[in-house]
Student: 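Have a look at the structure that comes next, please.
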Amino acid sequence: LAKLPSDGLPYPLFTYTALIPWTFFSTATQGSVGSLVSQMGVISKVYFPRLVIPVSAIFVGLVDLLVSSVILLGMMIGYGFLPTWKVALVPLYVLLAAATALAVGLWNATLAVRFRDLKFVTQHGIRVWMYATPVAYSASLIPERWATLYRMNPMFWVIEGFRWALLGKGQPPEPLMVIPVVGVLLLLISADSVSLRSGWTRVAVRVIGSWVVAVGMLMFGWLFRGAV
């Protein structure tokens, strides 16, 4: 009805391809924020790595993502789009979305233990974040003078990466991507030092952080090899 541009793609396919990673990110983030607050009674009585609780929310989101991906595959075939070799990069974008959700979720969960109403603020914040991400509209609508700032959003790269890898339209990896990737890594490291006390959880966060670095290295390795 709004006649928004869809980069030459069928609008239902254009939007649904973006909704899958966004829904995963939103579900994982909100689940992580509410998890520590709702399980404080268990945490205070039983010793186990705190990271297990917020990470479980990410795995729940992954199940929904896999089911939605089957529907997306059917839509792609119906519209005449067949997966190419780029589909192999989709798990890397999923990993970046998961790391972003975990970084944001851990920080907000830590604060929500003291400020219980923060989880409701987080819900509204994610809704606003969605409008700052090209889920229902094309990134081409953003004026050029705001484009660099707009791309500091890590979920911009996830959404556009999904479209590029699956539909051949969207933003491929480029050097600017390293800034939001590093930002996500710093959030994870800060969560390590602020919110987590167990040695095992610190190891887990560092492993996840290493995977985020690997995402950037693989993306840029592909980019520079293609440039040569």
Side-chain angles (χ1 to χ4, degrees), residues 1-29 58-102 126 129-142 147 150-151 153-178 180-181 184 208 211-228:
L1 294 177
K3 298 181 179 180
L4 296 173
S6 58
D7 297 336
L9 298 169
Y11 190 75
L13 186 60
F14 174 85
T15 306
Y16 192 68
T17 303
L19 278 174
I20 290 177
W22 179 262
T23 302
F24 164 67
F25 165 74
S26 175
T27 301
T29 302
I58 292 178
F59 281 105
V60 170
L62 278 176
V63 174
D64 293 337
L65 184 145
L66 290 174
V67 173
S68 300
S69 296
V70 174
I71 300 174
L72 175 61
L73 180 61
M75 291 179 65
M76 290 174 61
I77 295 174
Y79 280 108
F81 288 84
L82 296 178
T84 65
W85 65 268
K86 295 176 185 176
V87 73
L89 296 177
V90 167
L92 299 180
Y93 288 110
V94 173
L95 181 59
L96 178 56
T100 305
L102 184 60
I126 290 177
W129 194 342
M130 179 177 175
Y131 290 109
T133 306
V135 176
Y137 60 88
S138 171
S140 61
L141 288 176
I142 304 302
Y150 184 71
R151 296 180 182 190
N153 175 5
M155 289 305 297
F156 163 86
W157 297 99
V158 174
I159 299 300
E160 287 292 287
F162 258 69
R163 289 183 178 135
W164 169 76
L166 295 173
L167 306 177
K169 299 289 180 119
Q171 179 63 55
E174 66 174 38
L176 187 63
M177 183 182 176
V178 74
V181 168
V184 170
I208 294 171
W211 275 103
V212 175
V213 173
V215 170
M217 292 178 64
L218 287 171
M219 290 294 187
F220 294 119
W222 173 87
L223 176 67
F224 293 134
R225 190 180 72 170
V228 174

Student: With a 4.5 Å limit on heavy-atom distance, are the side chains of Val181 and Trp157 in contact?
Tutor: no
Student: Contact between Pro180 and Phe156 at the side-chain level, heavy atoms closer than 4.5 Å - yes or no?
Tutor: no
Student: So Leu19 and Met130, side chain to side chain contact (heavy atoms under 4.5 Å, CB included) or not? Walk me through it.
Tutor: CA-CA 10 Å; Leu19 278 174; Met130 179 177 175; 4.1 Å; yes
Student: What is the minimum heavy-atom distance between Phe14 and Val135, and which atoms define it?
Tutor: CE2-O, 4.3 Å
Student: Hey, are the side chains of Arg163 and Pro134 touching, using non-hydrogen atoms and a 4.5 Å cut-off?
Tutor: yes
Student: What side-chain donor-acceptor pairs closer than 3.5 Å can you find for residues 58-83, not counting sequence neighbours?
Tutor:
unit_1	atom_1	unit_2	atom_2	d
Ser68	OG	Asp64	O	3.0
Ser69	OG	Leu65	O	2.7

Student: Going by heavy atoms in the side chains, are Trp164 and Gln171 under 4.5 Å from each other?
Tutor: no
Student: For Glu174, is there an ion pair with Arg151 - N to carboxylate O distance below 4.0 angstrom?
Tutor: yes
Student: Which heavy-atom pair separates Leu96 from Pro154 by the least distance, and what is that distance?
Tutor: CD2-O, 4.2 Å
Student: Would you call Ile159 and Pro21 a side-chain contact if the rule is heavy atoms closer than 4.5 Å?
Tutor: yes
Student: Which pair of non-hydrogen atoms, one from Tyr93 and one from Gly161, has the smallest distance, and what is that distance?
Tutor: CZ-CA, 3.4 Å
Student: So, the side chain of Ser6 versus the backbone of Leu9: is there a donor-acceptor pair under 3.5 Å, distance only?
Tutor: yes
Student: Show the nearest heavy-atom pair for residues Thr17 and Phe162, with the distance to one decimal.
Tutor: O-CD2, 3.9 Å
Student: Test Val158 against Phe25 for side chain to side chain contact (heavy atoms under 4.5 Å, CB included), laying out the working first.
Tutor: CA-CA 10 Å; Val158 174; Phe25 165 74; over 6 Å; no
Student: Identify the two heavy atoms, one from Asp7 and one from Lys169, that lie closest to each other, and give their separation to 0.1 Å.
Tutor: O-NZ, 3.4 Å
Student: If every non-hydrogen atom of Thr15 is compared with every non-hydrogen atom of Ala136, which pair is closest and at what distance?
Tutor: CG2-CA, 4.5 Å
Student: With sequence neighbours left out, what residues match Thr27 under side chain to side chain contact (heavy atoms under 4.5 Å, CB included)?
Tutor: Thr23
